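Report on the structure given below.
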Amino acid sequence: GAVVSQHPSRVICKSGTSVKIECRSLDFQATTMFWYRQFPKQSLMLMATSNEGSKATYEQGVEKDKFLINHASLTLSTLTVTSAHPEDSSFYICSADSGTSSYNEQFFGPGTRLTVL
Amino acid sequence: GDSVTQMEGPVTLSEEACLTINCTYTATGYPSLFWYVQYPGEGLQLLLKATKADDKGSNKGFEATYRKETTSFHLEKGSVQVSDSAVYFCALILQAGTALIFGKGTTLSVSS
């Protein structure tokens, strides 16, 4: 099956620093990738949709200058949390759509736990 | 707008009990429907899916049938195990290239 990886799996950083999270599709090309944020005991909140080679589309209420998304290739999308603060602490999950599945299936990464001190 | 509603948890069961987690949806078109499972500290794993009315998705003893007339996709398992303890998300997607729309998730806790 299709595999999506995320790196790092966990990161702890100081307030004010920036953190980059990578999302890679390992065995397929992802025309579209999605970034979600999950708060404890809650559902996934879509942050943005990114298509290779174009600007990401952010959901309402998500600060695009704070959460920078780059989809530079068909196998890699990055989310950079700039000037992180404790309220940015969360579980960030990416998913990838190959655009070829007849089921419109998306494949999820294992998530990145961000803790901002 | 398009949405997914699933029963609130937590659901607490004894091992070998029957499980039903209700899920209903509202959609303007003809969605594909999914159940995802999330184990503690992990990402989401696809459990099963159905793409059209009357399709039944099944995996690991779990089943769900796409009911267009009731706009439902209830998750069922005849005999749960402790290892089934997790959060279950019902989701839909209307077309390729768009994001999944998730329900709020239902926590299942199975005790021995």
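Given the structure is predicted, the values throughout are model-derived calculations rather than measurements. Residue numbering restarts at 1 for every chain, and letters A, B, ... go by the order of the sequence lines.
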Check each atom of A/Ser43 against the heavy atoms of chain B and say whether the ones under 4.5 Å are side chain, backbone, both or neither.
->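 A/Ser43 touches chain B through backbone and side-chain heavy atoms alike.
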
So which part of A/Gln6 gets closer than 4.5 Å to some heavy atom of chain B, the side chain, the backbone, both or neither?
->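 Answer is neither: A/Gln6 stays 4.5 Å or more from chain B.
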
Quick check: are there more than 12 heavy atoms from other residues, nucleotides or ligands sitting under 6.0 Å from [atom1] of [X]?
X	atom1	result
A/Lys66	NZ	yes
B/Glu15	CD	yes
B/Tyr39	OH	yes

State, to 0.1 Å, how close [X] and [Y] come at their nearest heavy-atom pair, and which atoms those are.
X	Y	result
A/Gln38	B/Phe89	NE2-CZ, 3.6 Å
B/Thr98	A/Gln106	O-NE2, 2.6 Å
A/Phe91	B/Gly41	CZ-O, 4.2 Å

Going only through I, L, V, M, F, W and Y residues with side-chain contacts under 4.5 Å, is there a path from [X] to [Y]?
X	Y	answer
A/Ile69	A/Val11	yes
B/Val37	B/Leu13	yes
B/Leu94	B/Phe73	yes
A/Leu74	A/Phe107	no

What's the spacing between B/Lys104 NZ and A/Leu44 CG if we round to 0.5 Å?
->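 B/Lys104 atom NZ to A/Leu44 atom CG measures 14.0 Å (nearest 0.5 Å).
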
Quick one: pull up CG in B/Leu100 and OH in A/Tyr36 and give me the separation to the nearest 0.5 Å.
->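 The OH atom of A/Tyr36 is 4.5 Å from CG of B/Leu100, to the nearest 0.5 Å.
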
Hey, are the side chains of A/Gln42 and B/Val87 touching, using non-hydrogen atoms and a 4.5 Å cut-off?
->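 With C-beta onward as the side chain, the pair stays apart.
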
Answer with side chain, backbone, both or neither: which region of B/Gln45 has an atom nearer than 4.5 Å to a non-hydrogen atom of chain A?
->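 Neither part.
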
Give, as side chain, backbone, both or neither, the part of B/Leu44 having an atom under 4.5 angstrom from any heavy atom of chain A.
->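 For B/Leu44, backbone and side chain are both near chain A.
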
